[in-house]
Amino acid sequence: MSKLGVIKDILQVLRHIVRQVFSRPFTYFYPFEDREYPERTRGRHIHIRENCTACGQCVRACPVVAIRIDKSDRKYEKDAALYFDYSRCIFCGLCVDACRFDALYHTPVVDLSEGSRDELKYDPERIETIEREPLEWRGRRFR
Amino acid sequence: MSPDIGDEAVEIWFGPQHVSAHGWAAKLTVVGDYIVECDPHAGYFHRSAEKVLEFRTFKQGGLVLERMCMLEAFLAEYPYISAVEQIAGMEIPERAKVLRTIMMEASRIHSLQFWWGQLSAELGLFAMTLWPWVDREFFLDTFEELTGSRHAASFSTPGGIRYDFTDKVRQKLLRAIGRLESNLPKFKDMLLRSPTFKMRTKDVGLFNAEDGIKWGLSGPNIKSCGIPMDLRKDWPDPNLAYDLADWEVPVYENPEHPGQSDAYDRMVQRFMEIETSVSIIKQLLDQIPDGPIVDPKARAKANRLPAGEAYGRVEGTRGITTVWLKTQDKAQTPWRAKIRGPCFASYYSLKHMVPGSTFADFVVVFGSLDPYPGWWDR
């Protein structure tokens, strides 16, 4: 390798370094801002009780037995209560695919960490509501 | 340790706690700085996947396969899905065939970019680790836009695919490919011309083509000896659309030692694989037909399968990946599923490839074969 080649390589690296120093960072200032999530993001579920017919197809489709159904717990005419265990869920989306009555959807809420395992077991009231909106993209990054 | 090795030999365990050894361990017998014996051990990563498959329905089975190797999720799940489709006699729509092929090739590129970064990290060239991984993020963004998940995509389903292409997915895929195309020649030049890289990889882990075939190597490892062995051409799958694109099997044969392959040749070979995949994707993106993405009767057909057996196969990033599936009549789950991962052969070929090299070269030989523990421990 000639000396000229070495100098060329060094210049190439320096060019990259200078460009990186003056460009905006790829990381996010997480608790205050979040990235944009695509429409199909498979985050935690939301259960719409009005549409549910208690057919149990979501329970049958689940490969890891993360969903439990209680057919005696009724709010509307023929619905059922769902219990989700997020310590088991692998977010494959088969339950949402199996639902033919538009009663089960994914939401873009993906940060589900909790202090203990028991808090990851969502009861019917919690799975029917989203306690907070997903963090919004604020358009600028902190430095 | 063999009894004829002298007293000065020392046995060293490489792994399972070593940074480069995540989920595997090899027992090395060392004399001075040279390795005289290598004894690879499997079993640290065992999840009894074949047994798990017997308790999962045919729609759920792809999820298990996909977790064999998360880096090539689109490719890894395909053999099982293909076997189910063959037994159920499903008709795959043309659109699903083309989209599957495109995403499988994108998955191959993403996997190779990860491997390339990891091998560079093992050699101590960290610039070449982080730069390709920035480009890889754009492919992960595409997967997320398409399926909603970055790694565990679960894209294929018996009878077709689960998620359709949108304009945004297409845009993101084109952006990822554009970035890769502009950066690849630069990175390739910087890495392959680097004297450090050449010193560490030339004539390291050298093997003959005959030995490679005897050990059961496949994919880029055997192609780098100059043997054009590729399932995409040799045994084309009717449910994939490789025949729509015009491409040649990438084969690299080093003129310095024809019929043999060292770590450097395998690196060049994998760069050629990336270039081939890019060309296939670019050709197929112009030929996506309109229509449905899944067989309308697939939902009913996949619930209960007739008795039969089938052999699903795909040319994975690391080599030939197959699943043999046997079902009983009106069964909801497989009677038996046998997985053939590509990396078991490459992992155990270390036994013959490593002796004679120095201890520091062991990681290079291992990394150059692109092994993934999930494929040999099932």
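This is a predicted model, so every value here is computed, not measured. Below, chain A is the first sequence line, B the second, and so on; all start at residue 1. Note: hydrogens, waters and symmetry copies are ignored here, and every other heavy atom, side chains too, is used.
- Neither the backbone nor the side chain of B:Asp189 has a heavy atom closer than 4.5 Å to any heavy atom of chain A.
- Across A:Arg40 and B:Leu146, no two heavy atoms sit closer than the pair NH1-O, 2.6 Å.
- The existence of a salt bridge linking B:Lys59 and A:Asp97 is excluded, since no basic side-chain nitrogen approaches an acidic carboxylate oxygen closer than 4.0 Å.
- Heavy atoms closer than 4.5 Å to chain A are found nowhere in B:Val64, neither backbone nor side chain.
- When the shell of 6.0 Å around CZ of B:Arg47 is examined, it contains more than 12 heavy atoms from other residues, nucleotides or ligands.
- By the neighbour-count criterion of 12 heavy atoms within 6.0 Å, atom CZ of B:Arg175 is sparsely surrounded, having that number or fewer from other residues, nucleotides or ligands.
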CA sep, side-chain torsions, deciding dist, call: A:Val13, B:Met190, side chain to side chain contact (heavy atoms under 4.5 Å, CB included): CA-CA 10 Å; A:Val13 173; B:Met190 283 183 78; 3.9 Å; yes
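- Heavy atoms from other residues, nucleotides or ligands lying under 6.0 Å from CD of B:Glu54 number more than 12.
- Atom NZ of B:Lys168 has 12 or fewer neighbouring heavy atoms from other residues, nucleotides or ligands inside a 6.0 Å radius.
- Within a 6.0 Å sphere centred on NZ of B:Lys202, heavy atoms belonging to other residues, nucleotides or ligands number more than 12.
- In the displayed structure, A:Leu11 atom CG is contacted under 6.0 Å by more than 12 heavy atoms of other residues, nucleotides or ligands.
- Only the side chain of A:His16 has a heavy atom closer than 4.5 Å to any heavy atom of chain B.
- For the pair A:Asp9/B:Arg193, a side-chain contact is recorded, criterion being any heavy-atom separation below 4.5 Å from C-beta on.
- When side chains are defined from C-beta on, A:Leu94 counts as touching B:Arg162, because their heavy atoms get closer than 4.5 Å.
- Residue B:Ala127: no heavy atom, backbone or side chain, is found under 4.5 Å from chain A.
- Side chain of B:Gln60 to main chain of A:Ala61: a donor-acceptor pair is present (N/O by atom type, distance under 3.5 Å, no hydrogens or angles).
- Among all heavy-atom pairs drawn from B:Ser154 and A:Arg42, the shortest one is OG-NH2, 3.4 Å.
- Proximity to chain A is limited to the side chain of B:Lys186, based on heavy atoms less than 4.5 angstrom apart.
- Under the 4.5 Å side-chain criterion, counting only non-hydrogen atoms from C-beta, A:Glu39 is not in contact with B:Thr166.
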